[in-house]
Amino acid sequence: MITSSSPSPASRKKTESSGGKAQPPTKWGTAGQQRAYGRRLLDALRATAAGGPLAVKASADTALALTARGQSRWSRAILLGRCRSRSRRKLLRVTGKIGRARAPPAAAAPRVRPDRMRVLRRLVPGCRKLSEQSVLKEAADYVAALEMQVKAMKALAEAFSAARAAEAEARRGV
């Protein structure tokens, strides 16, 4: 059996770009997810134009949760937080979308200090009562989604500032 001590060019490129650690691709890095979120975000921002910063944050979070399609616990928590209807909660509980966390296997992820885990559980929506392993998985997905949200918002901000600059330039030229 022949083994190679040097990594392949593709894995070396991925390792160098991520600061030394190879990271698995996430569903949030796909162009389709980014386009879908961008459309939802733009529609949500148009609807809350005069609502202020809290309305913008709420609409951006809701658009992010809708893009996740309720496949993660944090997205369901955001969607349920926005719609406080008891019938909606009951429906989700009956259909099994919300359930108790299962016990992790005996050889789970490495232990994290309890105070840090408590803070992490509070930061990620819907994760206050999950096991450590589940919280870490949800947090990783939530951070990837937030990174995509930042990219989309930066792109929108750049587009709006370019449009305003072009509009100001047109006014000066007229």
Between [Y] and [X], is there a side-chain heavy-atom distance shorter than 4.5 Å?
| X | Y | value |
| --- | --- | --- |
| Gln149 | Leu41 | no |
| Leu130 | Lys137 | no |
| Leu45 | Leu156 | yes |

For [Y], is there any backbone N or O sitting under 3.5 Å from a side-chain donor or acceptor partner on [X]?
| X | Y | value |
| --- | --- | --- |
| Glu138 | Arg73 | yes |
| Arg128 | Arg121 | no |
| Thr48 | Gly51 | no |

Residues forming a salt bridge (charged side-chain N to carboxylate O under 4.0 Å, His left out) with Glu167, sequence neighbours excluded: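 Here the qualifying residues are Arg171.
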
Non-hydrogen atoms of [X] and [Y] that approach each other most closely:
| X | Y | answer |
| --- | --- | --- |
| Glu132 | Met117 | CG-CE, 3.7 Å |
| Gly70 | Arg76 | O-NH1, 3.0 Å |
| Ala60 | Met153 | CB-CE, 3.5 Å |
| Val135 | Cys127 | CG2-O, 3.7 Å |

Pro125 pairs by side-chain contact (heavy atoms from CB on, under 4.5 Å) with which of Leu80, Asp61, Ile78?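 Only one of Leu80, Asp61, Ile78 forms a side-chain contact (heavy atoms from CB on, under 4.5 Å) with Pro125, namely Ile78.
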
Could you walk me through whether Leu66 and Leu79 pass the side-chain contact (heavy atoms from CB on, under 4.5 Å) test, one step at a time? CA-CA 8 Å; Leu66 287 171; Leu79 292 173; 3.9 Å; yes

Quick one: do Gln71 and Asp141 satisfy side-chain contact (heavy atoms from CB on, under 4.5 Å)? Show the steps, please. CA-CA 11 Å; Gln71 293 176 350; Asp141 186 55; over 6 Å; no

Salt-bridge contact Arg39-Asp43 (side-chain N to carboxylate O under 4.0 Å):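 Salt bridge flag = no for Asp43 with Arg39.
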
Are Leu42 and Tyr37 in one and the same hydrophobic cluster, where Ile, Leu, Val, Met, Phe, Trp and Tyr link if side-chain heavy atoms are under 4.5 Å apart?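 Same hydrophobic cluster.
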
Quick one: list whatever passes side chain to side chain contact (heavy atoms under 4.5 Å, CB included) with Ala68, sequence neighbours left out.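 Partners of Ala68 under the side chain to side chain contact (heavy atoms under 4.5 Å, CB included) test: Trp28, Ser72, Trp74, Ser75.
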
